[in-house]
> 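Sharing a structure here in C-alpha cells format.
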Amino acid sequence: MRRRPLSTEGADLSSRRDKEDRATDSTRHVFGPVASGRLGLSLGLDLLGARICTFDCLYCEAGVTEALTTARKPYVPARRILGELADWKAAGHGLPDAVTLGGLGEPCLNTDCGEIIAGARELFPNVPVAVLTNSSLLSDPDVRSALSGADIVLPSMDTLVAAEYQRLNRPHQTLGLDAIRQGLLDFRGGFAGSIFLEILLVAGQNDSAENLGLLREFCRELAPTRVDVVTLSRPGAYPGAKAVAGDVLARFREALGAARPGPWAPSGDGHGPAGLLGDGAARAPRDPGLTDADLAARIAASVARRPQTAAGLATALGQPAPRIQSALDALLRTGAVRRERSGQDIFYSG
Ligand code: SF4
C-alpha cells in the first residue's frame with residue numbers, strides 16, 4: 001500500500017496550518033454540530049488543526065495521520081478555540097447537546113485541553129463537556145488531571161492483544177499497550193464523570209476470540225458507564241479496513257454488555273462524535289438567517305473533520321435537505337469537498 005511518509009514534526013505542521021487558518025474563516029476549530037449516536041447534537045472542537053495523532057489507525061475516518069507523535073503542545077491555543085466558541089455562542093445558534101473536544105487527531109496532545117474544558121464549561125454551563133480520546137496518553141498524570149474537569153470522557157480501546165494493537169492502531173513506537181490499559185484504569189479510579197468506552201471492530205484485525213476474552217475481563221474491571229461496540233460505517237483511511245459481519249458484532253456486544261444501538265447508524269471511527277441520530281432532527285438548531293456562504297463554510301469545516309451524509313448534515317445543522325444538497329453540490333464543483341460511496345450511503349469529506 002502506497003502511503004505518504006509520516007512526519008514527527010507535529011508542531012511545524014500545526015504552526016503552518018495556524019498561519020493558513022488566520023488567513024481564512026474565523027471558526028475553523030469549532031465545527032458542527034455533528035449528529036452523534038452517543039452524545040446527540042455534538043458541537044466539535046478541533047484541538048489539533050491537522051492530522052496529528054499518537055496512532056495511525058487503519059480505520060481512521062480523518063485520513064492517514066500526517067504527524068505521528070507523542071509530543072504534547074498547545075497545537076491550537078485555548079484562547080483561540082475559546083474565542084471561536086464565544087463567537088459561536090454570540091451568533092445565537094441553538095444549544096448543542098454536548099461540546100466535544102476531538103478533531104483531526106488525539107485531543108489530549110494539546111496541553112491546553114484542561115483550560116479548554118474549563119472555558120467551555122463556563123461558556124455553556126448547562127451543556128455537558130465531552131472528550132474523545134484514544135486513551136494513549138492517560139498514563140500521564142497531567143493528562144488525567146486535565147480530563148478530570150470533563151463531564152463525559154469517551155475513551156477507545158479496540159484490542160488488548162498486542163499484535164492486533166500494532167496492526168490496527170499503528171501506534172507511536174513509545175506507546176505500549178499495558179501502560180495504556182493501566183492509564184485508563186487509573187483515570188477511572190479518580191474520575192467523577194461518565195465514561196463511554198468504545199470498541200471498534202475491523203474484520204480480521206481485532207475480532208478474535210482472544211481479544212473478546214481480554215476485553216470482557218477489562219470491562220469488568222473498568223466498569224464504564226456505557227460500552228459501545230461498533231464497526232466501520234464510513235470510509236476509513238485505508239481501503240483494506242472492512243466492517244465485521246453482523247453476527248460478530250452481535251457476539252461482541254452481548255459478551256461485553258454493550259449499549260443497544262438505536263435507530264441511528266452506530267458510530268464507526270472509535271474516536272469521534274460519530275453516528276447519525278434518528279431522533280436528532282427535532283432538536284436540531286435552526287438557523288433561518290444562515291447565509292449560503294456561512295452554510296457552505298460550516299459544511300466544509302464539519303466534513304473536513306468527519307465524513308457525513310447529506311441527510312446527516314441536514315439533521316445536524318438543522319437545514320432543509322435540498323439546501324444542504326445544493327451547498328454540497330457547489331462545494332463539489334469547487335473541489336472543496338469530495339464524495340465517496342460506502343455501502344448504501346454517500347459520504348462527503350474534506
Ligand atoms: S481514529 Fe482516532 S486515534 Fe486513530 S488515527 Fe484517527 S484520530 Fe488517531
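Because the structure is predicted, anything quoted here is derived from the model rather than measured. Both counts, for ligands and for their atoms, begin at 1 and track the order of listing.
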> Any idea which atoms of ligand 1 are less than 4.0 Å away from a heavy-atom of Y59?
1 (S)

> Should you measure from each heavy atom of G105, which atoms of ligand 1 turn up under 4.0 Å away?
7 (S)

> Minimum distance, heavy atoms only, to atom 5 (S) of ligand 1: which one of P107, C57, P171 is it?
C57

> Name all residues meeting the ring-ring contact (aromatic ring centres under 6.0 Å, His included) criterion together with Y348; count only those two or more places apart in sequence or in a different chain, and write none if there are none.
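Checked Y348 against ring-ring contact (aromatic ring centres under 6.0 Å, His included); zero matches.
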
> Atom 8 (Fe) of ligand 1 to C53: any N/O/S contact under 2.8 Å?
yes

> Short question: side chain of D112, backbone of E115 - any donor-acceptor pair under 3.5 Å?
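No; judged by distance alone, with no hydrogens or angles, the pair does not exist.
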
> Rounded to the nearest 0.5 Å, what's the gap from CD on E217 to CG on L256? Could you check?
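E217 CD to L256 CG: 12.0 Å, rounded to 0.5 Å.
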
> Closer than 4.0 Å to some heavy atom of N134 - which atoms of ligand 1 meet that?
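Under 4.0 Å from N134, ligand 1 has these atoms: 3 (S).
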
> Could you pull out every donor-acceptor pair under 3.5 Å between side chains of residues 138-145 and any protein atom, sequence neighbours left out?
{"residue": "D140", "atom": "OD1", "partner": "D142", "partner atom": "N", "Å": "2.8"}
{"residue": "R144", "atom": "NH1", "partner": "L138", "partner atom": "O", "Å": "2.8"}
{"residue": "R144", "atom": "NH1", "partner": "S139", "partner atom": "O", "Å": "3.3"}

> Checking N206 side chain against D158 main chain: does a donor-acceptor pair fall under 3.5 Å?
yes

> Just which atoms of ligand 1 are under 4.0 Å from any heavy atom in T65?
5 (S)

